[in-house]
Participant: 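Dropping the structure in here first, questions after.
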Amino acid sequence: LGSTGSIGTQTLDVVRANPERLCVKALAAGHNITQLESQIREFHPQIAAVWDEEKAKELRICTADLPVKIVSGMEGLLEIAQMEEAEVLVTAIVGMIGIRPTIAAIKAGKDIALANKETLVTAGHIIMPLAKEEYGVSILPVDSEHSAIFQCLHGENRKEIEKLLITASGGPFRGKDKAFLKHVQLEDALKHPNWSMGHKITIDSASMVNKGLEVMEAKWLFDVELDQIQVVIQPQSIIHSMVQYKDGAVIAQLGTPDMKLPIQYALFYPDREYLAGERLDFWSLSQITFEKPDMENFEGLPLAFAAAKAGGSMPTVFNAANERAVSKFLNRKIGFLDIYEIIKTCMDAHKVIEAPTVEQILQCEQETYEMIESRW
């Protein structure tokens, strides 16, 4: 799901490099039917989904010569999530739209290669028990940081975790203050120093909201308390994350900044396959440095911790407010610091629902959107 985005296209790169072990059964995209048609012609899926039915009609005409079924909307995503022929569902679509297909895939017995943060941030209390206890399927993290933690935990007793150390590059504005952030332009925020990612996640990285979402996701993925998670700025993006155990030992996962590694690890787990690309050269790597995160100027992280502590439906409000605020920033309708203001205002106005259902989560999302549209 999300085959035309950054994670989706890199997942297909991994498939391309491993034709004897991987086969694409279905593809889903938002609206980029030109790219989706090209992917359909190369990978020959049985089914492909487009969010908009009008775009789906166009794609049906474009692919009339191919034996592919074109579906649309949430129904299309759910059909793909549950298709019998698939073993693993890669969820790489942005937003809470990923929750229902993920639940459907779990119930259909599929392992989940998870690149959609919002699913666990907003519905972790539903997803994890469903996957682990009820259906016995694996949630395999695709995020670089969560994959790193997953790798550091391999073969270890999870009851012996003392702390998860999630690393962050600090984004393009590391070391800057609010006086500087007040005047930053969209082009500046989209220049990530180390990673090549989609626009939304790049802005989230600049605001440190992304790291806040990762903290919330890690809590559910690895079954730890919030105070067992620490964020460390590691500007070179060489250490992707670490685990500290109760004896004081710290195990870290290092590598070049390449998303294909965590994608491939999730798809082939527990095996490691060859991956072409640059290798870390420790002779030329002069240093790896660390800093404490700046919680004063980059409020995305403290706001995320506050949302996670409040629990229930508050992470949904945090996520939805950020999603809509980033969309407005990308469309040049608000300034960079307004992202924090919008999140704060929405969180302050929200009355927490404990253990919300999927319907309540989606309702909270909608109410948050409506509040933002009425004020900004």
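We count residues from 1, following the sequence as given. Side-chain atoms are counted along with the backbone in the values below, which use heavy atoms only and exclude waters and symmetry mates.
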Participant: Just so I know, are the side chains of T368 and E365 near enough to count as touching, which here means a heavy-atom distance under 4.5 Å?
Facilitator: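 Of all side-chain heavy-atom pairs linking E365 with T368, none is under 4.5 Å.
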Participant: Are the side chains of P262 and D143 in touch, meaning some heavy atoms are under 4.5 Å apart?
Facilitator: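 Not in contact.
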Participant: With no hydrogens and no angle check, just 3.5 Å: does a side-chain donor-acceptor pair link Q234 and S169?
Facilitator: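 Not at all, the side chains of Q234 and S169 share no donor-acceptor pair under 3.5 Å.
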Participant: I'd like to know if the side chain of N322 and the backbone of N319 have a donor-acceptor N/O pair within less than 3.5 Å.
Facilitator: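 Not at all, since once roles are kept as given, no pair shorter than 3.5 Å links the two residues.
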Participant: Considering non-hydrogen atoms only, spot the tightest contact between A49 and I80 and give its length.
Facilitator: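 Smallest heavy-atom distance, with atoms named: CB-CD1, 3.6 Å.
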Participant: Verify the neighbour count for atom CZ of R21: are there more than 12 heavy atoms of other residues, nucleotides or ligands below 6.0 Å?
Facilitator: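 Enclosed.
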Participant: Minimum heavy-atom separation for A115 to A92, with atom names?
Facilitator: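 Residues A115 and A92, closest heavy atoms: CB-CA, 4.1 Å.
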Participant: Between E187 and K191, does at least one N-O distance fall below 4.0 Å, as a salt bridge requires?
Facilitator: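 No.
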Participant: State plainly whether one hydrophobic cluster holds both I263 and L89, where clusters connect Ile, Leu, Val, Met, Phe, Trp and Tyr through side-chain heavy atoms under 4.5 angstrom apart.
Facilitator: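 They do not share one cluster, since no chain of ILVMFWY contacts under 4.5 Å joins I263 to L89.
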Participant: Is it the case that more than 12 heavy atoms not belonging to H125 sit under 6.0 Å from its NE2 atom?
Facilitator: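 Yes, the 6.0 Å shell around NE2 holds more than 12 heavy atoms from other groups.
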Participant: For residues E160 and Y245, determine if any side-chain heavy atom of one lies less than 4.5 Å from a side-chain heavy atom of the other.
Facilitator: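 E160 vs Y245: side chains touch.
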Participant: If you draw a 6.0 Å radius around CD in E85, do more than 12 non-hydrogen atoms from other residues or ligands fall strictly inside?
Facilitator: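 Correct, the count exceeds 12.
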Participant: Give a yes or no on whether the backbone of I161 and the side-chain of Q244 come within a donor-acceptor separation of less than 3.5 Å.
Facilitator: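 No; zero donor-acceptor contacts below 3.5 Å.
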Participant: Donor-acceptor pair, distance only, cut-off 3.5 Å: does the side chain of S138 make one with the backbone of L140?
Facilitator: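 Pair absent, no side-chain N/O of S138 close to backbone of L140.
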Participant: May I ask you to say whether R174 pairs ionically with E291, meaning some side-chain N is under 4.0 Å from a carboxylate O?
Facilitator: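 Between E291 and R174 there is a salt bridge, with a charged N closer than 4.0 Å to a carboxylate O.
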Participant: I need the minimum non-hydrogen distance between R279 and T256, along with the two atoms involved.
Facilitator: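 That would be C-CG2, 4.0 Å.
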Participant: Got a donor-acceptor contact below 3.5 angstrom from the K333 side chain to the S327 backbone?
Facilitator: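 Here the side-chain-to-backbone pair does not exist.
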Participant: Against the six-membered ring of F180, is K176 placed for a cation-pi contact (under 6.0 Å from the centre, within 45° of the normal)?
Facilitator: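 Checked: cation-pi criterion met.
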Participant: Could you give all pairs that pass the salt bridge (Lys or Arg N to Asp or Glu O under 4.0 Å) test and reach residues 294-315, with sequence neighbours left out?
Facilitator: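 For residues 294-315: K178-E299, E299-K344.
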Participant: First locate atom CE of M314, then atom CG of L303, and finally report the distance between them rounded to the nearest 0.5 Å.
Facilitator: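 These two atoms lie 10.5 Å from each other.
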Participant: When rounded to the nearest 0.5 angstrom, what is the spacing between CD in Q230 and CG in L165?
Facilitator: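 Result: 5.0 Å between the selected atoms.
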Participant: Do M208 and I233 have side-chain heavy atoms sitting under 4.5 Å apart?
Facilitator: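 Yes, at least one pair of side-chain atoms sits under 4.5 Å.
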Participant: If only atom types and distance count, is the side chain of N116 paired as donor or acceptor with the main-chain N or O of T91 below 3.5 Å?
Facilitator: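 Absent.
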Participant: When hydrophobic residues are tied together by side-chain contacts of less than 4.5 Å, even through go-betweens, does I361 share a cluster with V352?
Facilitator: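 The answer is yes; both residues are in one hydrophobic cluster.
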Participant: Less than 3.5 Å apart, which donor and acceptor atoms pair up between the side chains of residues 213-226 and the rest of the protein, not counting sequence neighbours?
Facilitator:
{"from": "E214", "atom 1": "OE1", "to": "K211", "atom 2": "NZ", "distance (Å)": "2.7"}
{"from": "E214", "atom 1": "OE2", "to": "N210", "atom 2": "ND2", "distance (Å)": "3.2"}
{"from": "E217", "atom 1": "OE1", "to": "H146", "atom 2": "ND1", "distance (Å)": "3.4"}

Participant: Sequence neighbours excluded, which residues qualify as ring pair (Phe, Tyr, Trp, His ring centres under 6.0 Å) partners of H31?
Facilitator: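 Counting only residues at least two positions away or on another chain, H31 forms no ring pair (Phe, Tyr, Trp, His ring centres under 6.0 Å).
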Participant: Ignoring hydrogens and geometry, is there a side-chain-to-backbone donor-acceptor pair from Y265 to P270 under 3.5 Å?
Facilitator: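 No.
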Participant: Using the rule given for side chain to side chain contact (heavy atoms under 4.5 Å, CB included), can you reason through L120 versus M128, listing the C-alpha separation, both sets of side-chain angles and the distance that settles it, and then say yes or no?
Facilitator: CA-CA 8 Å; L120 287 189; M128 291 313 289; 3.9 Å; yes
Participant: Output, in order, the C-alpha distance, side-chain angles, deciding distance and verdict of side-chain hydrogen bond (donor to acceptor under 3.5 Å, both in side chains) for T202 and H192.
Facilitator: CA-CA 7 Å; T202 304; H192 196 282; over 6 Å; no
Participant: Would you sort out whether E359 and Q363 count as a side-chain hydrogen bond (donor to acceptor under 3.5 Å, both in side chains), showing the intermediate values?
Facilitator: CA-CA 6 Å; E359 290 69 28; Q363 180 66 28; over 6 Å; no
Participant: Angle between ring planes, F329 versus F336, binned at 30° and 60°: parallel, tilted or perpendicular?
Facilitator: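 Taking F336 first and then F329, their aromatic rings stand perpendicular (interplane angle over 60°).
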Participant: Is the shortest side-chain heavy-atom distance between I343 and V317 below 4.5 Å?
Facilitator: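 Not in contact.
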Participant: Are T9 and Q35 close enough that some pair of their side-chain heavy atoms sits under 4.5 Å apart?
Facilitator: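 Side chain of T9 against side chain of Q35, heavy atoms only: contact under 4.5 Å found.
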Participant: Quick one: do K69 and E79 satisfy salt bridge (charged side-chain N to carboxylate O under 4.0 Å, His left out)? Show the steps, please.
Facilitator: CA-CA 11 Å; K69 180 182 179 184; E79 187 173 341; 2.5 Å; yes
Participant: Dump the intermediate steps for side-chain hydrogen bond (donor to acceptor under 3.5 Å, both in side chains) on E53 and S72, then the final yes or no.
Facilitator: CA-CA 5 Å; E53 174 54 28; S72 66; 2.5 Å; yes
Participant: May I ask you to check whether S374 and E370 show a side-chain donor-acceptor distance below 3.5 Å?
Facilitator: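 No pair is found: no donor N or O on one side chain lies under 3.5 Å from an acceptor on the other.
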Participant: Of all the heavy-atom pairs spanning L261 and Q151, show the shortest one and how long it is.
Facilitator: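 Taking L261 first and Q151 second, the nearest heavy atoms are CD2-NE2, 3.9 Å.
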Participant: Crowded around R60 CZ? As in, over 12 foreign heavy atoms under 6.0 Å?
Facilitator: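 More than 12 heavy atoms, drawn from other residues, nucleotides or ligands, come within 6.0 Å of this atom.
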Participant: Which atoms form the tightest heavy-atom contact between P172 and A189, and what is the distance?
Facilitator: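 Scanning both residues completely, I find the closest heavy atoms to be CG-O, 3.8 Å.
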Participant: Counting only N and O atoms by type, is there a donor-acceptor contact under 3.5 Å from the side chain of T167 to the main-chain atoms of I239?
Facilitator: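 Yes; judged by distance alone, with no hydrogens or angles, the pair exists.
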Participant: Working note: T345 + D348, criterion side-chain hydrogen bond (donor to acceptor under 3.5 Å, both in side chains); need CA distance, chi angles, decisive distance, verdict.
Facilitator: CA-CA 5 Å; T345 303; D348 288 345; 5.9 Å; no
Participant: Please report the shortest heavy-atom distance between A266 and V142, naming the atom on each side.
Facilitator: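 Minimum heavy-atom separation between A266 and V142: CB-CG2, 3.9 Å.
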Participant: Mind checking whether I40 and F43 sit in one hydrophobic cluster, side chains of I, L, V, M, F, W, Y counted as touching below 4.5 Å?
Facilitator: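 In one cluster with I40: F43, yes.
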Participant: Any donor and acceptor pair, going by atom type alone, linking the side chain of K260 with main-chain N or O of T11 inside 3.5 Å?
Facilitator: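 The answer is no, because no donor-acceptor pair under 3.5 Å joins these two groups.
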Participant: Is any side-chain heavy atom of I201 closer than 4.5 Å to a side-chain heavy atom of K117?
Facilitator: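 SC-SC contact between I201 and K117 confirmed.
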Participant: Taking atom CD1 of I106 and atom CD1 of I112, what is their separation to the nearest 0.5 Å?
Facilitator: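 Interatomic distance, I106 CD1 to I112 CD1, rounded to 0.5 Å: 5.0 Å.
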Participant: I'd like to know if the side chain of Q39 and the backbone of S3 have a donor-acceptor N/O pair within less than 3.5 Å.
Facilitator: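 Side chain of Q39 to backbone of S3: a pair is present.
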Participant: Find the distance between NE2 (H154) and CD (Q253) and round it off to the nearest 0.5 Å.
Facilitator: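 So the gap between those two atoms works out to 13.0 Å.
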Participant: Could you tell me whether the side chain of E118 reaches within less than 4.5 Å of the side chain of I99, counting heavy atoms only?
Facilitator: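 Answer no - side chains too far apart.
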Participant: What is the distance from atom CG of D258 to atom OG of S237, rounded to the nearest 0.5 Å?
Facilitator: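 One gets 12.5 Å once the value is rounded to the nearest 0.5 Å.
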Participant: Could you walk me through whether F150 and Y269 pass ring pair (Phe, Tyr, Trp, His ring centres under 6.0 Å), step by step?
Facilitator: CA-CA 11 Å; F150 187 61; Y269 179 79; 4.8 Å; yes
Participant: Determine, for K328 against E373, whether the closest basic-nitrogen to carboxylate-oxygen distance falls under 4.0 angstrom.
Facilitator: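 So K328 pairs with E373 through a salt bridge.
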Participant: Counting N and O atoms only, with roles assigned by atom type, does the side chain of N18 sit under 3.5 Å from a partner on the main chain of V14, one being a donor and the other an acceptor?
Facilitator: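 Between the backbone of V14 and the side chain of N18 there is a qualifying donor-acceptor contact (under 3.5 Å).
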Participant: Decide yes or no on side chain to side chain contact (heavy atoms under 4.5 Å, CB included) for R41 and D65, but give the supporting numbers first.
Facilitator: CA-CA 10 Å; R41 291 190 179 279; D65 60 317; 3.0 Å; yes
Participant: Report the distance from atom OG of S313 to atom CD1 of I353, rounding to the nearest 0.5 Å.
Facilitator: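 Going from the OG atom of S313 to the CD1 atom of I353 covers 4.5 Å.
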